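Keep in mind the model is a prediction, meaning the values are calculated, not measured. Chain naming here is simple, since letters A, B, ... match the order of the sequence lines and numbering starts at 1 in each.
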Amino acid sequence: MENTKANNFLQTIIADDIKDGIVKEVVTRFPPEPNGFLHVGHAKAICLNFGLAETYGGRCNLRFDDTNPEKESQEYIDSIQEDVRWLGYQWSGDVLFASTYFDQFFAWAIYLVEAGNAYVCDLSAQQAREYRGTLTEVGKNSPYRNRSIEDNLGLLEAMKAGEFADGEKVLRAKIDMASPNMNMRDPILYRIRKLPHHQTGSDWVIYPTYDFAHGQEDAIEGITHSICTLEFEDHRPLYDWFHQHLPIGNKPNQYEFGRLHLNYTVTSKRKLKQLVDQGFVSGWNDPRMPTLAGLRRRGYTARAIRKFCDMIGVTRSDGIVDVAMLEHAIRDDLNENAPRAMCVLNPLKVVLTNYPEGQVEELMVPAHPNREQMGERLVPFSGELFIDAEDFREQANKKFKRLVIGKRVRLRNAYVIEADEVVWDDAGKICEVRARIIEDTLGRDPADGVKAKGVIQWVSADRGERAQVRVYDRLFTDEAPDRGDKNFLDYLNPNALRTIEEAMIEPSLTEALPEQNFQFERIGYFVADRYDHSAAAPVFNMTIGLRDTWNS
RNA sequence: UGGGGUGUCGCCAAGCGGCAAGGCACUGGGUUUUGAUCCCAGCAUUCGUAGGUUCGAAUCCUGCCACCCCAGCCA
């Protein structure tokens, strides 16, 4: 795996810890909650955590932070593992689950109660909010704050035994209701949730909160550097508080970095789920989605996504990355690695009047213009072919470097032709162009010195194949669809998907395997759909268009 | 308004007291059977702002301003 990027502040911290002998082996973790599919923002965290472990010869765990059964499911557990592997990472040992530690967490809860550091509180959610105070006013102590240790112990066991209803009681840490840090105002450790859990079934009716679980999970696993996003910075004092007040040997340290924001994109599991649930996209893996499953189906390679993460860096400032950077990463990768092929999206028939009827030439052409080692392919040439309707005009100015009546154009990898006349159908629409081949222009310029203006792609009408091509555009029309009080759904791009049923592809493309990437020359990069493509019914998804500096 | 953060080119980002890397985007020019790629050139006398310290500051100090996060029994 490539670790090209220069140092970020976390590498500096880790390098120092190693140098100072504070850690012998770096252990990180990627801790998703299984309540949605992974998106490009998670890719940043994955590359960071796994990358750091890799760079310093340590290891990285994949741990599901499954402390809230309400929104979690097996579907997400499966997809997350698949996506992490697809990105190219292997976690240390088995997949881990926070729920595996529930017994230990409970024992620690009892420890805190016995030490007088936690209590059972009967305040309702509403009352608790009132007692908590506000950003500028201190909170008030709960009337239940000074229950005896014996009472608390009995109540906690009763909570665990299911003797109370959801919301009736919680376990809280006894810290400081006047703390300017809201997280320290007697945070909740356990809440009652009479719900089956995907891992522990009906074993528990009380579940630990994120705060009471995360740092302890890290400690149990021997995590040395617990890396999370900026919004958890205020939780760090609490993260440390548990380590100080619990009989824990290993004390991990939490570090925060800026979450990835991409323009023209939403990266919030809640919003992505909404797009799926309300049918705005076909699923979590819809090629328009910024999910890893969606990007994959769109034709993004894992290598390009890793490169992208490398390019954007890791800092504590939170900016908005231009989606053009992501697009550059995939273009760069595919330009290098995708074999070329020809496809006509909007077929217009061209009849070559001086080409021997019925003749077919099998042209051997390179798979890549600058990489001989990628081999060659056979492309049949015949007297009737299709070019893109946009590549022909009856007349045009000099800027138009394609086919024009009376002018010449190079057919990519084949002959130069000159257009003679247009044939219209009954509706007055151009249905055919009649043209002539310029003799002896295979691999050389016309002998008369009149060069072709440009180059266009084509497909043999007899030997080409039909294909469905899905052309994608960004999902949102607004650069920041969810900023401020805007409703992101108001900015959905109605043209984010355009399905072309009758595109024509060169025959070699029927051999494409699902997920194989190509460059359709002069158009863009495409991938054979992971699920819907077959030789009998080819389906290609546009990954990204070629860079286009031509303005007309 | 209390607490915690962040402010270096349109965007991302190096820099950690010695005279502003790099990438993306953009703009010129060259090569080209992809208006692609590739190549070459240009692109912050200035580092949120106002002062101070210093021979010297983006880097140290002070004030101010802007933006982000926190009042879930979500993570």
Next on the checklist: Taking any heavy-atom pair under 4.0 Å as a contact, classify A:D65: base, sugar-phosphate, or nothing.
Outcome noted: sugar-phosphate
Checklist outcome for this item: A:H235 NE2 to B:G5 P, in whole Å, measures 14 Å
Item to check | Selection: residues 187-195 of chain A, any non-hydrogen atom under 4.0 Å of RNA chain B | outcome: A:I188, A:R191, A:R193
Next on the checklist: Could you tell me how far B:G4 sits from B:C55 if I compare only their P atoms? Round to whole Å.
Outcome noted: 35 Å
Checklist entry - Counting only distance, no hydrogens or angles, is the base of B:U37 paired donor-acceptor with the side chain of A:E336 under 3.5 Å? => result no
Checklist entry - Rounding to a whole Å, what distance do you find between A:E521:CD and B:U34:P? => result 8 Å
Checklist entry - Hey, does A:P237 reach any base, or is it just sugar-phosphate, or nothing, if we go heavy atoms under 4.0 Å? => result nothing
Item to check | Rounded interatomic separation in angstrom, taking CZ from A:R316 and P from B:U8 | outcome: 15 Å
Checklist entry - At under 4.0 Å between heavy atoms, what does A:D318 touch on the DNA or RNA strands: base, sugar-phosphate, or nothing? => result sugar-phosphate
Checklist entry - Which part of the nucleic acid, if any, lies within contact of A:G167, taking any heavy atom under 4.0 Å across all strands shown: a base, the sugar-phosphate backbone alone, or nothing? => result base
Next on the checklist: Has A:T441 got a side-chain atom pairing as donor or acceptor with A:I437's backbone, closer than 3.5 angstrom?
Outcome noted: no
Next on the checklist: Is the phosphate of B:C12 approached by A:T315 (side-chain N or O, under 4.0 Å from OP1 or OP2)?
Outcome noted: no
Checklist entry - Can you tell me the Watson-Crick or wobble partner of B:C24, both distances under 3.5 angstrom? => result B:G10
Next on the checklist: Atom CD of residue position A:Q74 - does it have more than 12 heavy atoms of other residues, nucleotides or ligands inside 6.0 Å?
Outcome noted: yes
Next on the checklist: Considering every strand and a 4.0 Å limit on heavy-atom distances, what is the contact class for A:V170: base, sugar-phosphate, or nothing?
Outcome noted: base
Checklist entry - Is A:R129 near enough to B:G72 that one of its side-chain N or O atoms lies under 4.0 angstrom from OP1 or OP2? => result yes
Checklist entry - Taking the six-membered ring for Trp, is the centroid-to-centroid distance between A:Y264 and A:F476 below 6.0 Å? => result no
Checklist entry - Which comes earlier along RNA chain B counting from the 5' end, the contact point of A:R410 or that of A:N370, where each point is its nearest nucleotide? => result A:R410
Checklist entry - Does the separation of the ring centres of A:F242 and A:F212 fall below 6.0 angstrom? => result yes
Checklist entry - Hey, is B:G72 sitting syn or anti, using the within-90° cutoff around 0? => result syn
Checklist entry - What nucleic acid atoms does A:T134 come within less than 4.0 Å of, heavy atoms only: base, sugar-phosphate, or nothing? => result base
Checklist entry - NA contact type, A:L260, heavy-atom cut-off 4.0 Å: base, sugar-phosphate, or nothing? => result nothing
Checklist entry - Between A:R132 and B:G72, is there a side-chain N or O to OP1/OP2 distance below 4.0 Å? => result yes
Next on the checklist: Taking CZ in A:R483 as the centre, count heavy atoms belonging to other residues, nucleotides or ligands within less than 6.0 Å. Is the count above 12?
Outcome noted: no
Item to check | Presence of donor-acceptor pair under 3.5 Å, side chain of A:R340 and base of B:U34 | outcome: yes
Checklist entry - So does A:S317 get a side-chain nitrogen or oxygen closer than 4.0 Å to the phosphate oxygens (OP1/OP2) of B:A13? => result yes
Next on the checklist: Please determine whether a side-chain nitrogen or oxygen atom of A:R185 lies at a distance below 4.0 Å from atom OP1 or OP2 of B:C70.
Outcome noted: no
Next on the checklist: Under 4.0 Å, counting only non-hydrogen atoms across every strand here, what does A:S268 touch: a base, just sugar-phosphate, or nothing?
Outcome noted: nothing
Checklist entry - Tell me: OH of A:Y264 to C1' of B:C24, nearest whole Å? => result 15 Å
Item to check | Whether A:Q274 side chain and A:K271 backbone form a donor-acceptor pair below 3.5 Å | outcome: no
Checklist entry - A:F232 and A:Y210: aromatic ring centres closer than 6.0 Å? => result yes
Next on the checklist: Please confirm whether the shortest side-chain N or O distance from A:T209 to OP1 or OP2 of B:C73 is below 4.0 Å.
Outcome noted: no
Checklist entry - Has the side chain of A:D548 got a donor or acceptor that lies under 3.5 Å from a partner of the other kind on the base of B:G35? => result no
Checklist entry - Which part of the nucleic acid does A:R547 contact within heavy-atom distance under 4.0 Å: base, sugar-phosphate only, or nothing? => result sugar-phosphate
Checklist entry - Is there a Watson-Crick or G-U wobble partner for B:U1 with both distances under 3.5 Å, and if so, which one is it? => result none
Checklist entry - How is A:E137 classified with respect to the nucleic acid when contacts are heavy atoms under 4.0 Å: base, sugar-phosphate, or nothing? => result nothing
Item to check | Base-pairing assignment for B:C38 (Watson-Crick or G-U wobble, both under 3.5 Å) | outcome: B:G30
Checklist entry - Whole-Å distance between B:A36 C1' and A:D332 CG? => result 13 Å
Next on the checklist: How many whole angstroms separate atom OH of A:Y76 from atom P of B:A75?
Outcome noted: 16 Å
Next on the checklist: What's A:F232 touching, base or sugar-phosphate or nothing? Going by heavy atoms closer than 4.0 Å.
Outcome noted: base
Next on the checklist: Would A:R147 pass as a cation-pi partner of A:Y119, given that its NZ or CZ must be under 6.0 Å from the six-membered ring centre and within 45 degrees of the axis?
Outcome noted: no
Checklist entry - Centre of A:F400's six-membered ring, under 6.0 Å away, within 45 degrees of the axis: is that where NZ or CZ of A:K453 sits? => result no
Checklist entry - Contacts to RNA chain B from residues 320-328 of chain A, heavy-atom cutoff under 4.0 Å, which residues? => result A:I320, A:V321, A:D322, A:A324, A:M325, A:H328
Checklist entry - Just checking A:A414: base, sugar-phosphate only, or nothing, at a heavy-atom cut-off of under 4.0 Å? => result base
Next on the checklist: Just checking A:Q395: does its CD atom have more than 12 heavy atoms from other residues, nucleotides or ligands closer to it than 6.0 angstrom?
Outcome noted: no
Checklist entry - Is the centre of the A:Y239 ring less than 6.0 Å from the centre of the A:H235 ring? => result no
Next on the checklist: Need the pair for B:U49. Rule: Watson-Crick or G-U wobble, both distances under 3.5 Å, any strand; none if unpaired.
Outcome noted: B:G63
Next on the checklist: Can you identify which nucleotide, out of B:A75, B:G5, B:A36, has its nearest atom closest to the A:L230 side chain?
Outcome noted: B:G5
Checklist entry - Base, sugar-phosphate alone, or nothing: which one does A:G443 contact when heavy atoms must sit under 4.0 Å apart? => result base
Item to check | Residue met sooner reading RNA chain B from 5', once A:L411 and A:T136 are mapped to nucleotides | outcome: A:T136
Item to check | Integer-rounded Å distance: B:C74 P and A:F64 CZ | outcome: 21 Å
Checklist entry - What distance, rounded to whole Å, do you find between the two P atoms, one in B:A14 and one in B:U6? => result 13 Å
Next on the checklist: Within the 4.0 Å heavy-atom criterion, would you say A:S124 contacts the bases, only the backbone, or no part of the nucleic acid?
Outcome noted: base
Item to check | Within 45° cone and under 6.0 Å: A:R191 NZ/CZ vs A:W204 ring | outcome: no
Checklist entry - Heavy atoms, side chains only, cut-off 4.5 Å: are A:E72 and A:H197 in contact? => result yes
Checklist entry - Taking atom P of B:C73 as reference, at what distance in whole Å does atom CE of A:M182 sit? => result 10 Å
